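Below, read A as the first sequence line, B as the second, and so on, with proteins coming before strands; counting in each chain starts at 1. Values reported hereafter were calculated over all heavy atoms of this structure, with side chains retained and with hydrogens, waters and symmetry mates removed. No experiment lies behind these values; they were computed from the predicted model shown.
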Amino acid sequence: MNIAKSFDAKKIESKWYQFWNENKYFNSKPNDKTPYTIVIPPPNVTGILHMGHMLNNTIQDILIRKARLQGFNACWVPGTDHASIATEAKVVEKLKNDGIEKKDISRDEFLNYAWDWTEKHGGLILEQLKKLGCSCDWDRTKFTLDKEMSDSVIKVFVDLYEKGLIYRGYRMVNWDPQAKTTLSNEEVIYEEQETKIFYIKYKIYNSSKTITVATTRPETIFGDTAIAINPDDDRYLHLKGKKAIIPILNKEIPIITDQNVDSEFGTGCLKVTPAHSENDKIIGDKHQLEIIDVLNDDGTLNKFTLHYNGKDRFLARKEISIELKEIGSLLKEENYLTKIGKSERTKCVIEPKLSDQWFLKMEKISKPALKAVIDDNIKLYPKKFKNTYKNWMENIRDWNISRQLWWGHQIPVYYYGSDKMDFVVAEDIDKAIIKARIKSGNFNLDKDKLIQETDVLDTWFSSWLWPISVFDGINNPDNKDFNYYYPTNDLITGPDILFFWVARMIVSGYEFKKSKPFSSVYFTGLVRDKKGRKMSKQLGNSPDALKLIEDFGADSVRVGLLFSAPAGNDLLFDESLCQQGKNFSNKIWNSYRLVKSWNIKNSNYQNPSSIAAIKWFENRLSSKLIEIDDHFKKYRISDALMTIYKLIWDDYCSWYLEIVKPDFGTPMDFKTYDKTLQFLEKCLTILHPFMPFISEEIWSGIKNEEDKPLIIKNWPKNNKVDYSYLKEFEHISKLITNIRKYRNQKGISYKEKIELFSQNTKLKSELKSIVLKLANSDIVEEVFQINQNAESLIVDSKEYFINNLLDQKSDLKKIKEDLDYNIGFLRSIQSKLNNKKFIENAPDSIIKNEKKKELDTIIKIKILEQKLKK
RNA sequence: GGGCGCUUAGCUCAGUUGGUUCAGAGCACUUGGUUUACACCCAAGGGGUCGGGGGUUCGAAUCCCUCAGCGCCCACCA
């Protein structure tokens, strides 16, 4: 035989990928077939493949390949996301290493660098997906900064503004002092952290009294504009209306009362710093307090902070606490556990900051999106996310869509005057100037006088359009592609971007297209290491995705990932599961070797055992196809794979092939051979979505020249299943196992034939020949009398006897135990049947079954008792 | 603080409306096995009071209450 003894993935993977790609099997164009569409969750353009991507894209590829086999027009749209903050941060750092500061160069210069960077590193991740076998339609690859994608974003912004849904607001936002941009609430992660809380004494003006506040942020005292107490707090009421003096700064501020102050917390007195706390801002607005921002954009203190001007906020905190102590204003400091908000990207501590930002009103436009999920118009898997989604959507807040960055879609707002409201919103400067002339009444207004808003849009403001914009559905609402592919079918993504992305896509689908963007969302779990820890660069516990493919082969890695990812749970990734995948590859490979090794004879004669095996496997395959289909419907992809795994390994290899396999040196009849190949072909077809490479490789070794490649073959159809035949086969398979066990226990080798006798069975002769083949046992039925010394095997309440020449005393204990168990079992069944209430309440089918159980058990007990007597 | 979910074999998990002989799967483990598909293998086997307690029911892993532990989401007090 010239087929290698074990399967070598490396040799064939790139060959097949190239073959599929060059023959355009991944490509899709609208036609008269039903489309099946997935849009990829676009990875960061400069990102590299990690385990999460691998899992996610493996599942997408499985769904796409299966749909393709099932005759759908399968279209998987790939692409990348510009990822403003992440990419800009990388470029800023790169420039810094080259000795260039962002602040020293112009926007255009910076963007040139950023595009260079993107072109150099961009799309690498897509190349990595090819290694994994992903069958995306690469001709449709999109990037969120492509011209038509950008046009969509701008168009949508203008549209929403004109609908009155976008507004500019001076609001408290999350400020990232490192990236020098705002973040949405979703981009801030709270971490528990030990800090200090400081008790600071403020003198009362014209009095010897003092008032003490508790604060974690003494550096903001320069921004204090009041001290507030609860109006019901008797301890301090006498101070109401008096003035307190800020230490160090020696400035007088009023003492006011406000319901928002919690008397229980700290001292019950709150220093009000409207510029640096959301809560304080609310109090400040109510009492018309001045707003004093004491921080620069980079997190250093500003000119309002005397000798702390220019110092970093954390350093200043330390130094101020020392100075307060020296001047006797620091009463005490305590350790304090609190949650600190940090930037998801830069890990920098977030600063609440008041600034002008652009917001999208969410309440109204999110209503249809909420309803769609509640009504199961869009289904979320696993189901638990439906509640999470509902909870968020019902409490949705306006979306801050502006970012103080350069890398992204520049907001299409054009300012023409010095007043805050002197701006227009338009797709481009030519449209803007017309609008500006009208709005200003100055028809001589020059284009050069227009200044575009410097902020860019939040990255998610482009990706929320993804399922629409990849088909150009915004710019060309009636184009053929869009009408054909939208709404898409399934979305596969991680639960961490449920709000960032999934919810907003649903909102945009209904807002701009009056329909859902996809029918189902499947959330994969997060990939963790086998100890349950999140994979991260710091821990160094994240395996190199490409190295895994190198080591095990893409098919095996795909299988390994799925084996560790049961239905949407977090998955504990362990490399040994890839080994399991590799073992599976090898198993299939060797079944192929076996089949190819046979000599075929041109004879009509088929062994009866082969005929039986064929009939059994046909039914078995059909029943498994039904199961697999059910698993797919429920998005239980791992379970579907496990079913196929067992079908191939156990049913096809261990049972079917072992039965039909000719003895060494004897040829195989062509009828059985043909069937065997057909079965292998069907197994390969259903395996193909999971293990595309090996399945295609083996298929190429058994197919006829005119046959299509596996990737575009037809998914097998299940026939009507003859369950009674499956049951009969199950009986003999149990019998075979029993005989093998008997051999094991007695130390009888397979070569020594065992003769079985029975009185109460009537097996089909072809099934008996299977027992002969696999267990080397003849079955003699309708025996008149059984030898006194015979030993019995009981299978499904049928009894088989073996003339035992060996001592059988050792088995007495086992028979006794078995008898005791069955007597107890019978007792429990009979007590049920004697229970009047049971008979009255239980459905007939249950009662019938209990009676059958009773009868079966009685027979078993009789057999066992006879055995004991002997 | 508000909401959601989880706890079943050594590990990772299935277990549909309570009822087929329901206590399961894969891996791991134990024992035996190398005559030509595969030791990346074959055959057989041993593992669980279904987190604790209580209740409903003829019947509970499944429904209800309660306690304990774990996890996620949202909000957040200086």
Side-chain angles (χ1 to χ4, degrees), chain A residues 1 3 5-7 185 190 197 213-217 220 228 260-262 264-267 269-273 276-280 283 338-339 341 382-392 394-395 495 498-499 526 530 532 556 563-567 569-572 574 576-577 579-598 630 634 636 638-639 642-643 645-646 653-654 657-658 661 664-665 737-738 740-745 747 749-751 796 825 829 831-832 835-843 845-850 852-853 856-857:
Chain A
M1 197 183 327
I3 302 172
K5 196 169 172 182
S6 48
F7 174 64
N185 290 335
Y190 287 88
I197 187 161
V213 301
T215 180
T216 53
R217 304 208 55 192
T220 63
N260 280 356
V261 179
D262 178 0
E264 304 292 315
F265 189 91
T267 60
C269 305
L270 170 70
K271 70 190 230 6
V272 184
T273 322
H276 297 286
S277 149
E278 178 109 53
N279 189 39
D280 290 13
I283 296 175
T338 187
K339 279 182 181 169
K383 276 194 299 205
K384 62 179 175 186
F385 290 111
K386 189 171 165 177
N387 282 325
T388 311
Y389 178 86
K390 182 167 171 263
N391 198 274
W392 191 74
E394 281 173 348
N395 299 293
L498 170 58
F499 305 131
L526 295 173
K530 62 181 167 186
S556 304
F563 277 157
S564 52
N569 291 328
D570 281 3
L571 60 106
L572 307 185
D574 184 348
S576 66
L577 289 164
Q579 185 59 46
Q580 195 186 339
K582 198 174 172 189
N583 294 352
F584 184 41
S585 301
N586 197 51
K587 183 71 189 176
I588 302 162
W589 184 252
N590 274 286
S591 69
Y592 162 62
R593 276 183 79 221
L594 173 66
V595 172
K596 289 297 272 189
S597 74
W598 291 335
D630 186 55
K634 294 172 180 158
R636 307 191 71 112
S638 302
D639 290 349
M642 184 50 74
T643 303
Y645 179 84
K646 286 192 280 191
C653 293
S654 296
L657 287 180
E658 289 302 325
K661 178 159 95 179
F664 180 69
T737 300
N738 266 292
R740 284 168 173 167
K741 186 172 160 189
Y742 179 82
R743 286 183 185 280
N744 248 351
Q745 283 167 353
S749 102
Y750 171 81
K751 286 181 215 159
D796 295 332
F825 188 57
I829 296 169
S831 77
K832 238 190 242 182
N835 184 335
K836 220 174 119 192
K837 283 184 172 171
F838 173 75
I839 301 293
E840 281 166 7
N841 293 314
S845 61
I846 300 291
I847 295 171
K848 228 182 191 171
N849 191 54
E850 289 299 317
K852 183 175 181 293
K853 271 154 71 176
D856 284 353
T857 311

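To the nearest 0.5 angstrom, A:Ser597 atom OG is 9.0 Å from A:Lys661 atom NZ. For the atom pair A:Lys271 NZ and A:Thr215 OG1, the distance stands at 4.5 Å (nearest 0.5 Å). Note that OG of A:Ser585 is 10.0 Å distant from CD of A:Gln579, once rounded to the nearest 0.5 Å. Here A:Ile3 contributes atom CD1 and A:Leu594 contributes atom CG; the two are 10.0 Å apart, rounded to the nearest 0.5 Å. Remark: A:Gln580 CD to A:Ser564 OG distance equals 10.0 Å, nearest 0.5 Å. Residue A:Leu577 holds its CG atom at 11.0 Å from CG of A:Asn583, rounded to the nearest 0.5 Å.
Between B:U12 and B:G18, the distance separating the two P atoms is 29 Å to the nearest Å. When the C1' atom is used for both B:A68 and B:G45, the distance is 37 Å, rounded to whole Å. Nucleotides B:G51 and B:C70 place their C1' atoms 11 Å apart, quoted to the nearest Å. B:C6 and B:C64 have their P atoms separated by 11 Å, with the value rounded to a whole Å. Look at the P atom in both B:G24 and B:C67: the space between them is 34 Å, to the nearest Å. Rounded to the nearest Å, the gap between the C1' atom of B:G26 and that of B:A14 is 10 Å. A distance of about 15 Å separates the C1' atoms of B:U7 and B:G53, rounded to the whole Å. Nucleotides B:U16 and B:A61 have their P atoms positioned 12 Å apart, rounded to a whole Å.
For a distance-only test at 3.5 Å, the side chain of A:Lys582 fails to qualify as a donor-acceptor partner of the base of B:C40. Contact of A:Glu658 with B:A43 (side chain to base): no donor-acceptor pair of N or O atoms is detected under 3.5 Å.
Within 4.0 Å (heavy atoms only), A:Asn841 reaches at least one base atom of the nucleic acid. Using a 4.0 Å heavy-atom distance criterion, A:Phe499 is classed as a sugar-phosphate-only contact. Using a 4.0 Å heavy-atom criterion, one finds that A:Thr388 contacts the sugar-phosphate atoms exclusively. Within the nucleic acid shown, A:Pro843 comes within 4.0 Å of at least one base atom, counting heavy atoms only. At a threshold of 4.0 angstrom between heavy atoms, the contacts of A:Thr338 are confined to the sugar-phosphate backbone, with no base atom among them. Residue contacts shown for A:Asn835 are limited to sugar-phosphate atoms, with no base heavy atom under 4.0 Å away. A:Lys390 comes within contact range of no nucleotide atom at all, as no heavy-atom separation falls under 4.0 Å. Contacts of A:Thr273 with the nucleic acid, taken as non-hydrogen atoms under 4.0 Å apart, are absent. Residue contacts for A:Ser591: at a heavy-atom cut-off of 4.0 Å it reaches a base atom on one of the strands shown.
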Which parts of nucleotides 25-33 of chain B does protein reach within less than 4.0 Å, heavy atoms only, written one letter per nucleotide 5' to 3' as B for base, S for sugar-phosphate only and - for none?
SSS------
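In this structure, the nucleotide among B:G5, B:A43, B:A37 sitting nearest to the side chain of A:Arg740 is B:A43. The side chain of A:Phe838 lies closest to B:G19, out of B:G19, B:A37, B:C4. Checking B:C40, B:A37, B:A78 against every side-chain atom of A:Lys661, the shortest atom distance belongs to B:A37. Nearest to the side chain of A:Asn185, among B:A75, B:A78, B:G5, sits B:A75. Out of B:A78, B:A39, B:C4, the shortest distance to the side chain of A:Asn387 is found at B:C4. Out of B:C40, B:C4, B:A37, the shortest distance to the side chain of A:Asn590 is found at B:A37. Among the nucleotides B:G5, B:C74, B:A44, the one closest to the side chain of A:Trp392 is B:C74. The side chain of A:Gln579 lies closest to B:C40 when the candidates are B:G45, B:A78, B:C40.
One atom, NZ of A:Lys741, and another, P of B:G46, lie 6 Å apart when rounded to the nearest Å. In this entry the distance linking CZ of A:Phe584 with P of B:C41 reads 12 Å, nearest Å. A:Ile3 has its CD1 atom 13 Å from the P atom of B:A37, to the nearest Å. At whole-Å resolution of the value, CG in A:Asp639 and C1' in B:C13 are 9 Å apart. As rounded to whole Å, 15 Å separates atom P of B:A78 from atom CD of A:Glu264. Between the CG atom of A:Asp280 and the P atom of B:A78 there is a distance of 11 Å, rounded to whole Å. Across the protein-nucleic acid pair, A:Leu498 atom CG and B:C4 atom P stand 16 Å apart, rounded to whole Å.
Side-chain atoms of A:Ser277 come within 3.5 Å of backbone N or O of A:Asp280 as a donor-acceptor pair. A:Asn391 contributes no side-chain N or O that, together with a main-chain N or O of A:Asn387, makes up a donor-acceptor pair within less than 3.5 Å.
Ring pair A:Trp392/A:Phe499 is parallel by interplanar angle, where below 30° counts as parallel and above 60° as perpendicular.
The side chain of A:Lys271 contributes no N or O atom lying less than 4.0 Å from OP1 or OP2 of B:A78. One finds a side-chain N or O of A:Asn583 lying less than 4.0 angstrom from the OP1 or OP2 phosphate oxygen of B:C41. Under 4.0 angstrom from either OP1 or OP2 of B:C42 there lies at least one side-chain N or O belonging to A:Lys587. Phosphate proximity of B:G15 to A:Arg636: present, with a side-chain N or O under 4.0 Å from OP1 or OP2.
The six-membered or imidazole ring of A:Tyr592 lies away from that of A:Phe7, with a centre-to-centre distance of 6.0 Å or more.
Residues A:Glu850 and A:Phe838 approach most closely at CG-CZ, 3.9 Å, considering heavy atoms.
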RNA chain B in dot-bracket, Watson-Crick or G-U pairs under 3.5 Å, [ ] crossing, | other strand?
(((((((..((((.....[....)))).(((((.......))))).....(((((..]....))))))))))))....
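In B:G47 the base sits syn relative to the sugar, since the glycosidic angle is no further than 90° from 0.
A donor-acceptor contact closer than 3.5 angstrom links the side chains of A:Ser576 and A:Asp574.
Both A:Lys634 and A:Ala842 lie near RNA chain B, and the one whose nearest nucleotide falls closer to the 5' end is A:Lys634.
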